[in-house]
Amino acid sequence: MEELRKVFLLILFLLSAAETLSEPQVPCFFIFGDSLVDNGNNNGLLTLARANYMPYGVDFSEGPSGRFNNGRTTVDVLAQLLGFRNFIPPYSTVQRNDVLRGVNFASGAAGIRDETGNNLGEHYSFTEQVEHFREVVQVIRRLFQRNDTKLSDHLSKCIFFIGMGSNDYLNNYFMPNYYTTSSDYSPQTYSAVLLEDYSRLLNQLYELGARKVAAIGLGEIGCIPYELARISVSNNKTGSRCNEKINKAITIFNIGLLQMVKRFNRDMEDAMVIYVNTYESSKDLVKNAMAYGFNVVEKGCCGVGRNNGQITCLPFQTPCANHSSHLFWDAFHPTEAANQIYATKAYNSTSSLDVYPMNIKQLALA
């Protein structure tokens with residue numbers, strides 16, 4: 001049964017990849033997020049959240065570009081599935097005429113809250129990423145000779161990917177020595193505060209022209225190598241291999257995010273926001289690891305210390321021999337092999353456990 005599942009997923013991806021031979025299904029793809037989808041925006045910043053050095057990018061055609069894994073990110077794969085012949089360029093280096101097909105605004109260490117990630121150095125928060133998009137909208141408007149009707153029509157057909165919130169827990173709420181949020185808010189209240197800011201920024205994107213949005217839920221952060229390196233079954237009262245305190249907080253956020261998506265769709269009849277359940281997908285990848293081709297799910301392919309998760313991948317460090325056999329590339333980020341599965345599920349899945357109320361392929365055609 002597990003082998004059939006693996007074969008089915010491979011066929012599904014090959015069928016989707018075949019669509020890249022035709023014209024893109026949407027004219028443009030805009031990306032907002034953190035290091036899971038950053039493709040170089042942090043390269044010129046004074047920050048520890050940078051990945052423009054080997055062995056990052058060891059399997060990527062352009063080498064170490066600033067992507068935080070060995071190859072393509074989830075949005076790189078999604079861009080291919082949507083039919084784009086080239087990857088969506090980062091905001092930091094995008095050329096004027098290229099903005100028409102989309103821009104990647106994602107920044108490693110970024111969060112919904114402005115202070116999130118400050119412990120790592122400079123980055124572009126969600127608020128700043130929306131402001132960068134506002135600037136890009138004006139560039140597109142000029143390219144369209146200030147024709148607002150043409151501008152609105154163009155943006156209304158684009159896919160907007162939002163993957164925000166992981167760092168608001170990893171590099172904020174669960175870092176009490178640096179931030180006060182865990183003493184200021186209960187997990188329920190903190191989630192509500194985050195989602196209030198998220199909703200405000202989503203509405204700003206709507207006002208700027210966004211009509212097709214994929215809101216990406218948070219994964220099982222309590223089970224990444226970084227967290228596994230900090231906890232052991234012997235001192236974990238739940239008996240779980242993971243940090244369930246973090247997972248419970250993440251679950252509260254994800255439930256709220258899904259409710260926000262439903263509310264937005266009720267209020268904005270000319271727009272569609274979908275929810276991508278990364279938490280469920282990440283559980284599935286661990287539970288059925290062998291079927292997906294993963295032999296190692298608790299340890300990064302590259303890193304230092306327990307689970308290769310105490311210190312992230314260092315410059316010119318030698319990674320594991322078989323990159324695709326690992327679910328995680330380093331202490332925090334999935335391998336290209338895992339990203340390919342996450343992207344394919346988000347794009348193609350018809351299960352409400354993975355996507356709601358539709359997948360990204362259906363969103364593109366809507």
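The analysis underlying the following values was restricted to heavy atoms, covering all of them including side chains, and did not include hydrogens, waters or symmetry mates. By convention here, the first residue in the shown sequence is residue 1.
The aromatic rings of F32 and F105 sit parallel, their planes meeting at an angle under 30°, below the 60° perpendicular limit. Between Y91 and H132, the angle of the ring planes stays under 30°, which puts this pair in the parallel group of the 30/60° scheme. In this structure, H154 and F144 have perpendicular ring planes: the angle between them is above 60°, well past the 30° mark. In this structure, Y292 and F294 have tilted ring planes: the angle between them lies in the 30° to 60° band.
Using a 3.5 Å distance cut-off with no hydrogens or angles, the side chains of D59 and N70 do pair a donor with an acceptor. Between S152 and T149, the side chains place no donor N or O within less than 3.5 Å of an acceptor N or O (distance only, hydrogens not considered). A donor-acceptor contact closer than 3.5 angstrom links the side chains of T180 and D184. Side-chain contact check for T73 and D76: at least one donor-acceptor pair (N or O, by modelled atom type) lies under 3.5 Å. In this structure, a donor-acceptor pair under 3.5 Å is present between the side chains of N339 and T74.
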Inset, instruction - Test T312 against Y56 for side-chain hydrogen bond (donor to acceptor under 3.5 Å, both in side chains), laying out the working first. - result: CA-CA 11 Å; T312 198; Y56 286 100; 3.2 Å; yes
Legend entry - side chain to side chain contact (heavy atoms under 4.5 Å, CB included) between L201 and M164, worked out: CA-CA 11 Å; L201 292 164; M164 280 289 186; over 6 Å; no
Inset, instruction - Give the intermediate values and the outcome of side chain to side chain contact (heavy atoms under 4.5 Å, CB included) for residues V130 and L205. - result: CA-CA 7 Å; V130 172; L205 289 174; 4.2 Å; yes
Inset, instruction - Would you check, one step at a time, whether the test salt bridge (Lys or Arg N to Asp or Glu O under 4.0 Å) holds for E227 with K245? - result: CA-CA 11 Å; E227 291 301 331; K245 186 176 181 181; over 6 Å; no
Inset, instruction - Take K345 and D354, measure what side chain to side chain contact (heavy atoms under 4.5 Å, CB included) needs, and give me the verdict at the end. - result: CA-CA 7 Å; K345 278 175 169 281; D354 296 327; 3.8 Å; yes
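Minimum interatomic distance between L81 and A343 (heavy atoms only, all atoms of both residues): CD1-O, 4.0 Å. When every heavy atom of C313 is checked against every heavy atom of Y53, the shortest pair comes out as O-OH, 2.8 Å. Taking both residues in full, the closest heavy atoms of Q317 and G303 are given as NE2-O, 2.6 Å, listed atom of the first, atom of the second, then distance. Closest approach of S166 to D34, counting heavy atoms only: CB-OD2, 3.8 Å. Minimum interatomic distance between G300 and N308 (heavy atoms only, all atoms of both residues): O-ND2, 2.8 Å. When all heavy atoms of P187 and I252 are compared, the closest pair comes out as CB-CD1, 4.0 Å.
Evaluation of the side-chain hydrogen bond (donor to acceptor under 3.5 Å, both in side chains) test over residues 270-279, restricted to residues two or more places apart or in two chains, returns Y206-D270, R211-D270.
Considering D168, T116, N172, N119 in turn, N119 is the only one that fulfils the side chain to side chain donor-acceptor pair (under 3.5 Å) rule with Y179. Of the options V213, V26, I159, V273, a side chain to side chain contact (heavy atoms under 4.5 Å, CB included) to L363 is made by I159 and by none of the others.
A distance of 6.0 Å or more separates the ring centres of Y190 and F253. Residues F29 and F160 keep their aromatic ring centres 6.0 Å or farther apart.
For the pair K212 and F30, the cation-pi test (distance below 6.0 Å, angle within 45°) is failed. Note that R67 lies in the cation-pi zone of F87, set by a 6.0 Å cut-off to the ring centre and a 45° limit from the axis.
Between the CD1 atom of I255 and the OG atom of S191 there is a distance of 8.5 Å, given to the nearest 0.5 Å. To the nearest 0.5 angstrom, E122 atom CD is 11.0 Å from L48 atom CG. From L45, atom CG reaches atom CG of N42 across 5.0 Å, with rounding to the nearest 0.5 Å. Within the model, atoms CZ of R50 and CG of L120 stand 13.0 Å from one another, a figure rounded to the nearest 0.5 Å. Once rounded to the nearest 0.5 Å, the distance linking CG of N295 with CE of M290 reads 5.0 Å. L195 contributes atom CG, which lies 6.5 Å from atom CD1 of I112 (distance to the nearest 0.5 angstrom).
For the cysteines C302 and C320, the sulfur (SG) atoms lie at a distance of at least 2.5 angstrom from each other.
Scanning for side chain to side chain donor-acceptor pair (under 3.5 Å) contacts around D114 gives S125, T127, with sequence neighbours left out. Among residues two or more places apart in sequence or in another chain, the side chain to side chain donor-acceptor pair (under 3.5 Å) test is passed with K157 by D153. Residues satisfying the salt bridge (charged side-chain N to carboxylate O under 4.0 Å, His left out) test with E131, not counting sequence neighbours, are R134. By the side chain to side chain contact (heavy atoms under 4.5 Å, CB included) test, V139 pairs with R96, V99, R142, L143, sequence neighbours left out. For the side chain to side chain donor-acceptor pair (under 3.5 Å) test, residues two or more places apart in sequence or in another chain that qualify with N322 are S324.
Tracing side-chain contacts under 4.5 Å through hydrophobic residues (I, L, V, M, F, W, Y), one never reaches V77 starting from W329; they form parts of separate clusters. Linking ILVMFWY side-chain heavy atoms closer than 4.5 Å, directly or via other members, places Y347 and F161 in a single hydrophobic cluster.
Judged by distance alone, the side chain of N171 and the main-chain N or O of A109 form no donor-acceptor pair under 3.5 Å.
Salt bridge present: R72 and E336 bring a charged side-chain N and a carboxylate O closer than 4.0 Å. In this structure, R200 pairs ionically with D197, as a charged nitrogen and a carboxylate oxygen lie closer than 4.0 Å.
More than 12 non-hydrogen atoms from other residues, nucleotides or ligands lie less than 6.0 angstrom from CD of E135. In L46, the CG atom is not crowded: 12 or fewer heavy atoms of neighbouring residues, nucleotides or ligands sit closer than 6.0 Å.
Side-chain contact check for H333 versus L36: some heavy-atom pair is nearer than 4.5 Å.
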